[in-house]
A.B. asks: 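Sharing a structure with you now.
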Amino acid sequence: MDKVLVVGGGGREHALVWKLAQSSRVGKLYCAPGNAGISSQAECLDIKADDIYSLREFAKYEQIDLTVVGPEVPLAKGIVDAFQKENLRVFGPEKAAARLEGSKRFAKDFMRDNGIPTAEYKVFSSYLHAEEYVRLKGAPIVIKVDGLAAGKGVFVCSTVDEAVDALKKAMKDRIFGEAGDKVIVEECLKGEEASFMAISDGETLLPLASSQDHKRIFDRDRGPNTGGMGAYSPAPIIDDILTDEIMQTVMKPVVEGIKKSGTVFKGVLYAGLMIVDGKPMVLEFNCRFGDPEAQPILARMDYDLYELMNASVDGNLSTVNMAWKDKPAVCVVMAAEGYPGPYAKGKIIDGLDAASQMEDVTVFHAGTVYEKENVVTSGGRVLGVTALAGDMSAAIKRAYEAVSVISWDGVQYRKDIGARALVKVEK
Ligand code: AMP
Ligand code: GLY
């Protein structure tokens, strides 16, 4: 039986651990650093997700058969290259390919060079030139910092003043540090957003089930952007025809373009899309599973995730016949008071057992830790309550039934996760 190490400690990593634990080939699971929920299925290690050296030493010492990297920071720092140097098997893209997520400038130039549809843009390293360009273009306009900023480095500005303010924050006040040394000023696209993921072995690309994320903190998509307040799968907007178009115009050109540049893209490629007049335009790339999207997607996966990941590492994806449950899945994120700003920690969570025992419900943990015998909050996004059901409205109902039995002081969550999917179905 194989030993697997999952790197990360959020809802996505709990879903990965939960799904990997179902594989008949997986004997022992480790997770670094993990969380309270993960600790019931994996041995959690006191190693940070971006401590590549310690992770590699652990994998060597324990003879780990496969390391699965959840978050973007270790990928951008080159964890895959570091493991490969020691002949350790690892799921995810190499550093050069992970630049698609780690540098927005790289991603935009790559899209331009490979004919991948995206918003018009210009890159600036001088504040004055950026401001001049914003004034010339007018609003609405989008400002993005080049480097990783934990999902907070994008400003969709409805006025020129807002855009100038965003430029000042990034380039003068340097609130994102060196991630804001370069800024992208981008045309604002109007349409419906969707997330599309595919798994690659460097040659073959298999689409994963479609999904949609809810980025804003408040109902009806109001308030600031977050890492994601909930998600559902499938996304009705992405039908078979659009799937094919996204594969042909976005996903395959990425894998081919990366190959041309002298490296390979292995792992999960995630495209954040705006569907404009029925056509996909790329907003961003991620080089990993989305979080929370991974939670409803993995709940629906009818295939051994461990086999799938090994096929990506070994270049055997062409032999894989992926299957998905027909049932839709909905994940409602329960977050701490104050998130996505500063938030409280250490609140005792009630009702976890009752919710977990509900049929077709899985409570994925994100920011949780054990404090004596209690599970307490330790992060902004705390839980991802995920339910499967015969149709989307039943899945939404089921997820919220489970949410309603869980509580802590200051809990917040959106009440409209999945509602967008119903509007589409009824059309
Ligand atoms: P990103 O991290 O690049 O996906 O951006 C975060 C969010 O900002 C996206 O999910 C969109 O809601 C929004 N966004 C990014 N780029 C654009 C754009 N060019 N036009 C309109 N909205 C955008
Ligand atoms: N939910 C968006 C992301 O994982 O980046």
Side-chain angles (χ1 to χ4, degrees), residues 8 10-13 15-16 69-73 75-76 98 100-108 111 116-122 134 137 139-158 162-163 166 170 176 179 183-197 208 210-217 221-233 235 250 268-276 280-298 331-333 335 340 364 366 380-381 384 414 417 420:
R12 164 184 50 214
E13 287 75 25
L16 289 168
V69 187
E72 62 276 19
V73 172
L75 291 169
L100 278 174
E101 175 165 8
S103 164
K104 290 209 187 274
R105 183 207 180 155
F106 173 82
K108 292 296 287 190
M111 286 189 261
I116 296 167
T118 189
E120 192 195 307
Y121 72 104
K122 240 174 147 62
V134 161
K137 283 283 168 184
I141 197 152
V142 181
I143 311 290
K144 297 183 174 182
V145 302
D146 176 40
L148 289 178
K152 299 188 180 98
V154 174
F155 301 85
V156 180
C157 306
S158 44
E162 249 179 73
F176 302 104
V183 158
I184 289 110
V185 181
E186 191 172 288
E187 165 201 9
C188 188
L189 299 173
K190 293 257 166 298
E192 184 161 0
E193 277 189 70
S195 314
F196 192 91
M197 282 173 250
L208 300 181
S210 64
S211 60
Q212 226 162 345
D213 176 7
H214 298 64
K215 283 214 165 71
R216 304 294 192 103
I217 184 74
D221 295 328
R222 287 174 311 167
N225 266 334
T226 69
M229 292 300 290
Y232 55 88
S233 171
V250 176
V268 172
L269 175 65
Y270 168 128
L273 302 169
M274 188 76 86
I275 311 300
V276 183
M281 306 275 287
V282 178
L283 298 177
E284 62 161 348
F285 287 118
N286 296 326
C287 293
R288 48 165 178 88
F289 279 102
D291 188 1
E293 294 95 317
Q295 301 172 51
I297 285 182
L298 292 171
C331 168
V332 178
V333 170
F364 294 117
R381 291 189 290 174
R414 279 181 60 159
I417 302 301
R420 234 168 21 203

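Whatever order the structure lists ligands and atoms in, that order sets their numbers, starting from 1.
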A.B. asks: Mark the output for C188 as yes if a heavy-atom distance to ligand 1 is under 4.0 Å, and as no if none is.
C.D. replies: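 In this structure, C188 qualifies as a contact of ligand 1 - some heavy atom is under 4.0 Å.
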
A.B. asks: Salt bridge or not between E186 and K104? Use side-chain N to carboxylate O under 4.0 Å.
C.D. replies: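 No.
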
A.B. asks: Does an N or O anywhere in K215 fall below 3.5 Å from an N or O of ligand 2?
C.D. replies: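 There is no such contact.
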
A.B. asks: Would you say Y270 and E293 are linked by a side-chain donor-acceptor pair, where the criterion is simply a distance under 3.5 Å?
C.D. replies: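 There is such a pair between these side chains.
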
A.B. asks: Examine E293 against ligand 2 and note whether any of their N/O atoms are separated by less than 3.5 Å.
C.D. replies: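 Checking ligand 2 against E293, an N or O pair does fall under 3.5 Å apart.
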
A.B. asks: Which protein non-hydrogen atom lies closest to atom 4 (O) of ligand 2, naming both residue and atom, and how far is it?
C.D. replies: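 Answer for atom 4 (O) of ligand 2: D291 N, 2.9 Å.
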
A.B. asks: Below 4.0 Å from any atom of ligand 2, is there a heavy atom belonging to R288?
C.D. replies: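 True for this residue.
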
A.B. asks: Can you tell me which portion of K190 lies within the under-4.0 Å heavy-atom range of ligand 1? Options are side chain, backbone, both, or neither.
C.D. replies: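 For K190, no heavy atom sits under 4.0 Å from ligand 1.
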
A.B. asks: Kindly confirm or rule out an N or O of M274 lying under 3.5 angstrom from an N or O of ligand 1.
C.D. replies: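 Between M274 and ligand 1 (N or O atoms, distance only) the closest approach is not under 3.5 Å.
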
A.B. asks: Would you say the side chains of D146 and S103 form a donor-acceptor pair under 3.5 Å?
C.D. replies: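 A donor-acceptor contact under 3.5 Å links the two side chains.
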
A.B. asks: Please determine whether any non-hydrogen atom of K104 lies less than 4.0 Å from an atom of ligand 1.
C.D. replies: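 K104: in contact with ligand 1 (<4.0 Å).
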
A.B. asks: Looking only at distances, please establish whether an N/O atom of ligand 2 is found under 3.5 Å from an N/O atom of N286.
C.D. replies: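 Yes - when backbone and side-chain N and O of N286 are compared with those of ligand 2, one distance drops under 3.5 Å.
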
A.B. asks: Is G228 in contact with ligand 2, taking contact as a heavy-atom separation below 4.0 Å?
C.D. replies: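 Outside the 4.0 Å threshold, so no.
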
A.B. asks: Determine, stepwise, if the pair K215 / T226 fulfils side-chain hydrogen bond (donor to acceptor under 3.5 Å, both in side chains).
C.D. replies: CA-CA 5 Å; K215 283 214 165 71; T226 69; over 6 Å; no

A.B. asks: Please state whether F289 comes within less than 4.0 angstrom of ligand 2, counting heavy atoms only.
C.D. replies: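 Under 4.0 Å: no for F289.
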
A.B. asks: Going by ring pair (Phe, Tyr, Trp, His ring centres under 6.0 Å), name the residues that satisfy it together with Y232, two or more places apart in sequence or in a different chain.
C.D. replies: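 Applying ring pair (Phe, Tyr, Trp, His ring centres under 6.0 Å) to Y232 gives H214.
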
